Peer 1: 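Before I ask anything, let me first share the structure, which is written out below as structure tokens.
Source: prediction; values computed, not measured.
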Amino acid sequence: MNQRVELLAPAGNYEAFIGAINAGADAVYLGGEKFGARAYADNFSTEEICNALHIAHFMGRKIYLTVNTLMKESELEELYDYLLPLYEAGLDGVIVQDMGVFCYIRDHFKDLALHASTQMTLTGVRGASFLKSRGAVRIVPARELSLAEIRKIKEQTGMEIECFIHGAMCYCYSGQCLFSSILGGRSGNRGRCAQPCRLPYQILEGRQAITGEAYPLSLKDMCTLRQIPKLIEAGIDSFKIEGRMKKPEYAAGVTALYRKYIDRYYQYGSDNYQVETEDLNKLRNLYIRSEIQTGYYERHNGKEMITLHKPNYIGSDEHLLNQIRTEYLHDPAKMPVKMLADAIVGEPLRLQIIGGQYSVTVMGDVVDHAQKLPMQPDDIRKQLLRTGNSCVTVSECNIHIKGDVFVPVRSLNRLRREAVDAFEQQVICGNGFTTVRDIRNKQTSTAIETKTYDNRQQMIDCTVSTYNQLLAVTEFPCRRIYIDSDLYLKEYEQISHLCSKKTGYEYALMLPYVIRARDDAYLHQLETALRHDGAMIQGFLIRNLEELAYVRNLPGNYAIIPDVGLYNFNSESIRFWTQYSSEFYLPYELNAKEASVLTRKAAQMNMASAMVIYGRIPMMISSNCLKKTSDRCIREKDGSIFQSSLKDRYGTIFPVETNCEHCYNIIYNSVPYSLLLKQKEIEKIAADVLRYDFTMESDVECRAVLSGENFPFAEYTTGHLKRGIE
């Protein structure tokens, strides 16, 4: 093992940054004034980030900036000016969710390392390899991955892998949650999550409550102090501590403890690695929920991961916090240096700074002959010792004077500043950091070949999840029918027979919301079926980058359609998809005005725009399982996937799909999403394709929705059509 694992700490403000650095963080991730997924953290001004970069680089540490929210079209104009001073100051990397932002930064800031956020829901080798080919140097995979899956990604891609090791955990696959957004307008994709997963719910089976009011969506906090040897040996490059919303004492205290045990592993190895109970107790007293667990590294899900009762944070130990403040929340220790100054009449003032292995010499103004009282060594020393807010402190200052000298104070101050700056830059360069970036080498956006979409006439598409829904849909005119791939494999003979008779439609497959290494056998089975279907299936609706890479490698010429959850929020993300698709889907979180801007932008790229106008919005995709949480982890004999639901404290019921094939749950909104009565807004948006999504509907309900004669549901939502999100 050639390189030690990086310890990456959070910083919600400047004090937390200082605490994390003093506590031993190798790198810090932080948010600026814009575009970070913790909108309610204090965050940093541009000046503070530039100052932090200088300090960090002088100490041999790194800083990564979170630009990990979805960015609206109107915000893209701000991105360049926002990043430019940070790029020029030597920013070490950016953590990104939005593919449009990813491509924009890659094209305009060529030396800036791109880290794929966990919000991208990266779950395997295919997606990681694809992003590597697009310019990513590091991925933060989904937190739900096992150590075996992480090891496989590392071995087969060689990419840097950054994984969470401590802190709060989302119930949902990161980036796949709309719960807070749809219910309250606060989008987790924009850093404003209201944390509905921390609220009480009952689990229902049918109409019967099988649990009392509890907290089945509230995961215990992660703590992996005891698992450090396994995590390092799995090939993880960076250990990430969650907590930009937490206090500086938390950032410093947690960092210090993980620093201690990472160093202990490298000193003694895994055989002699032990964690002291006292240190675990310290972690429990640093703003942690009432219980802890070790995450998904060695389990796929489980009731033991959930805080069913008392999900609120317990109080912190004030005595411990005071200890941390004293030890870590102060200015970093400065580097002691030696100064040697020569002041000789008629020659330039000379100042040398020596510290460690570094040495710089700077020449100043010519030394004058004193007209009155000549300067003494202490007069010069007094000015040279004023190193102020620099990273150095003078431990020794020797002054050599020859003749009756006079040097103006301003000349001494300027010489000191220049010498200290030069010394600090030499140390920074010696630590391997670039001190100046030339933005003149920036690249403009590369020209992208687009696929012409000739027919701009509005079309109708449908998705189906059951055979009866498919029967119903084929009674109505539409362009394309997306068949759930699970249904396709399960009912292959029936579906093939029906589709051979029901001509005039395009048939495509709707892939799972998440695929992982455990799905390789499933994908192989799917490929076998495709080889025998006589080209009936013409395309794929994909939900993630893993599936993009998978479909691109299939033999044949299948259409690729990125689904709603791939979040095309801006024209740059649409431009990215023009390389792989002829159409894209508008996300649920845009309002009508924002969506109409994108349809016009897409038309200029010869890209068709599509939108869902009816369906159940998937609010959460979770690796955890409500059936397992309620001790009922069995497949239903009748094959039904909608036996479970959640009931909140207001009596609202959210249907839950239990997908045992891929081992995840989908929590759907309590009422359907419908724009069927919003013709004015639909005309304003002017999407080329309107889609009906059928999940839990009966064939009778499907027909009623498609006919438009008698909408079968008393309640529905129009989502963000009018208000949008912040």
Peer 1: Taking the six-membered ring for Trp, are the ring centroids of Y215 and H309 within less than 6.0 Å of each other?
Peer 2: no
Peer 1: Grab the two heavy atoms, one from V254 and one from H166, that are nearest each other, plus how far apart they are.
Peer 2: CG1-CD2, 3.7 Å
Peer 1: With side chains defined as the heavy atoms from C-beta onward, is the minimum distance between M169 and K220 less than 4.5 Å?
Peer 2: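 A side-chain contact is absent here, since even the closest heavy-atom pair is not under 4.5 Å.
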Peer 1: Cationic tip of R244 within the cone over Y29's six-membered ring, i.e. under 6.0 Å and within 45° of the normal?
Peer 2: no
Peer 1: Is there a side-chain contact between V94 and T66 (heavy atoms, below 4.5 Å)?
Peer 2: no
Peer 1: Between R4 and D263, does at least one N-O distance fall below 4.0 Å, as a salt bridge requires?
Peer 2: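 Counted as a salt bridge, because a side-chain N and a carboxylate O are separated by less than 4.0 Å.
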Peer 1: Whether K154 and E160 form a salt bridge (side-chain N of Lys/Arg under 4.0 Å from carboxylate O of Asp/Glu) is what I want to check.
Peer 2: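 Between K154 and E160 there is no salt bridge, as every charged N stays at least 4.0 Å from the carboxylate O atoms.
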Peer 1: Do Y201 and P196 touch side chain to side chain, with heavy atoms closer than 4.5 Å?
Peer 2: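 Yes. Closest side-chain heavy atoms under 4.5 Å.
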Peer 1: Counting N and O atoms only, with roles assigned by atom type, does the side chain of E249 sit under 3.5 Å from a partner on the main chain of L321, one being a donor and the other an acceptor?
Peer 2: no
Peer 1: Closest heavy-atom contact between R190 and M71?
Peer 2: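 Distance-wise, the nearest heavy atoms are NH1-CA, 4.0 Å.
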Peer 1: Check whether the ring centres of F58 and F433 lie less than 6.0 Å apart, and answer yes or no.
Peer 2: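 That pair fails the under 6.0 Å test.
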Peer 1: Can E33 and S45 be counted as having a side-chain donor-acceptor contact under 3.5 angstrom?
Peer 2: no
Peer 1: Would you please test S146 and E149 for side chain to side chain donor-acceptor pair (under 3.5 Å) and show each step?
Peer 2: CA-CA 5 Å; S146 67; E149 289 173 298; 3.2 Å; yes
Peer 1: Check A256 against Y328 and note the closest heavy-atom contact, atom names and distance.
Peer 2: CB-OH, 3.4 Å
Peer 1: Would a 4.5 Å heavy-atom cut-off, applied to side chains only, mark I139 and K132 as touching?
Peer 2: no
Peer 1: With rounding to the nearest 0.5 angstrom, report the CZ to CG distance, F164 to L231.
Peer 2: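 These two atoms lie 14.0 Å from each other.
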Peer 1: Checking L308 against K303 for the side chain to side chain contact (heavy atoms under 4.5 Å, CB included) test, could you report, in this order, the C-alpha distance in whole Å, the side-chain angles of both residues, the deciding distance, and whether it holds?
Peer 2: CA-CA 9 Å; L308 284 171; K303 181 179 180 179; 3.7 Å; yes
Peer 1: Judged by modelled atom types alone, do R192 and S187 share a side-chain donor-acceptor pair under 3.5 Å?
Peer 2: no
Peer 1: Report the distance from atom OH of Y173 to atom CD1 of I621, rounding to the nearest 0.5 Å.
Peer 2: 9.5 Å
Peer 1: Mind checking the CG-CG spacing from L340 to L384? Nearest 0.5 Å is all I need.
Peer 2: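 Rounded to the nearest 0.5 Å, the CG-CG separation comes to 10.5 Å.
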Peer 1: Return the CD to CG distance between E242 and D221, rounded to the nearest 0.5 Å.
Peer 2: 7.5 Å
Peer 1: Let me confirm one number: the OG1-CG distance from T307 to L219, rounded to the nearest 0.5 Å.
Peer 2: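 Here the interatomic distance stands at 7.5 Å.
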Peer 1: Counting N and O atoms only, with roles assigned by atom type, does the side chain of R151 sit under 3.5 Å from a partner on the main chain of I236, one being a donor and the other an acceptor?
Peer 2: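 It does not hold such a pair.
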Peer 1: Mind checking whether E276 and L280 have side chains closer than 4.5 Å, heavy atoms only?
Peer 2: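 Counting from C-beta outward, E276 and L280 never come under 4.5 Å.
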Peer 1: Quick one: do the Q274 and N272 side chains pair a donor with an acceptor below 3.5 Å?
Peer 2: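 The answer is no; no qualifying pair exists.
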Peer 1: Donor-acceptor pair, distance only, cut-off 3.5 Å: does the side chain of D237 make one with the backbone of E162?
Peer 2: no
Peer 1: For Q376, does its backbone N or O pair with a side-chain atom of D379 as donor and acceptor, under 3.5 Å?
Peer 2: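 Flag set: sc D379 to bb Q376 pair under 3.5 Å.
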Peer 1: With distance as the sole criterion, is a donor-acceptor pair present between the side chains of H115 and N68 under 3.5 Å?
Peer 2: no
Peer 1: Evaluate side chain to side chain contact (heavy atoms under 4.5 Å, CB included) for R284 paired with L286, printing each intermediate quantity in order.
Peer 2: CA-CA 6 Å; R284 287 189 174 93; L286 280 170; over 6 Å; no
Peer 1: Whether the side chain of Q119 engages the backbone of Q97 through a donor-acceptor N/O pair (distance < 3.5 Å, no angle test) should be reported.
Peer 2: no
Peer 1: Please confirm whether Y296 and H300 have ring centers closer than 6.0 angstrom.
Peer 2: no
Peer 1: Between Y273 and Y265, how do the two ring planes meet: parallel, tilted or perpendicular, split at 30° and 60°?
Peer 2: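 Rings of Y273 and Y265: perpendicular, over 60°.
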Peer 1: Report the C-alpha separation of Y80 and Y104 in whole Å, then their side-chain angles, then the decisive distance to 0.1 Å, and conclude whether the ring pair (Phe, Tyr, Trp, His ring centres under 6.0 Å) test is met.
Peer 2: CA-CA 9 Å; Y80 184 86; Y104 183 94; 7.1 Å; no
Peer 1: Between E6 and S238, is any side-chain donor less than 3.5 angstrom from a side-chain acceptor?
Peer 2: yes
Peer 1: Let me see the working for T121 and Q176 under side chain to side chain donor-acceptor pair (under 3.5 Å), right down to the final yes or no.
Peer 2: CA-CA 8 Å; T121 324; Q176 299 299 310; 3.2 Å; yes
Peer 1: Do R416 and N413 get their side chains close enough for a donor-acceptor pair, meaning under 3.5 Å?
Peer 2: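 Indeed, the side chains of R416 and N413 share at least one donor-acceptor pair under 3.5 Å.
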Peer 1: Please name the pair of heavy atoms, one in I153 and one in T123, separated by the smallest distance, quoted to 0.1 Å.
Peer 2: CD1-C, 4.4 Å
Peer 1: Is it true that R325 and E15 have a side-chain N and a carboxylate O under 4.0 angstrom from each other?
Peer 2: no
Peer 1: For R350, which residues count as a side-chain hydrogen bond (donor to acceptor under 3.5 Å, both in side chains) partner, sequence neighbours excluded?
Peer 2: D342
Peer 1: Short question: side chain of S359, backbone of I354 - any donor-acceptor pair under 3.5 Å?
Peer 2: no
Peer 1: May I ask you to establish whether K230 and Y297 are in a cation-pi arrangement, using a distance under 6.0 Å from NZ or CZ to the six-membered ring centre and at most 45° from the ring axis?
Peer 2: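 So K230 doesn't make the cation-pi contact.
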Peer 1: Rounded to the nearest 0.5 Å, how far does CD of Q357 lie from CD of Q426?
Peer 2: 8.5 Å
Peer 1: Say whether, by atom type as modelled, one donor and one acceptor occur between the side chain of S270 and the main chain of P229 under 3.5 angstrom.
Peer 2: no
Peer 1: Looking at side-chain heavy atoms only, is the closest gap between R414 and R417 below 4.5 Å?
Peer 2: yes
Peer 1: If you take all heavy atoms of C391 and E424, which pair is closest and at what distance?
Peer 2: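 Taking C391 first and E424 second, the nearest heavy atoms are N-OE2, 2.6 Å.
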Peer 1: Is the side chain of S180 donor-acceptor paired with the backbone N or O of C193 at a distance under 3.5 Å, no angle test?
Peer 2: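 No; judged by distance alone, with no hydrogens or angles, the pair does not exist.
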Peer 1: Output a table of donor-acceptor pairs, distance under 3.5 Å, between side-chain atoms of residues 330-337 and any protein atom two or more places apart or on a different chain; print 'none' if there are none.
Peer 2:
unit_1, atom_1, unit_2, atom_2, d
H330, NE2, E327, O, 2.8
K334, NZ, G388, O, 2.5
K334, NZ, S390, O, 3.2

Peer 1: Distance-only, no hydrogens or angles: does the D26 side chain make a donor-acceptor pair with backbone N or O of R61 under 3.5 Å?
Peer 2: no
Peer 1: Keeping S117 on the side-chain end and I95 on the backbone end, is there a donor-acceptor pair under 3.5 Å?
Peer 2: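 Pair absent, no side-chain N/O of S117 close to backbone of I95.
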Peer 1: With K246 as the cation and Y250 as the aromatic partner, state whether NZ or CZ is under 6.0 Å from the six-membered ring centre and within 45° of the axis.
Peer 2: yes
Peer 1: Determine the minimum heavy-atom distance between V5 and Y266, stating which atoms define it.
Peer 2: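 In terms of heavy atoms, the two residues are closest at N-OH, 2.8 Å.
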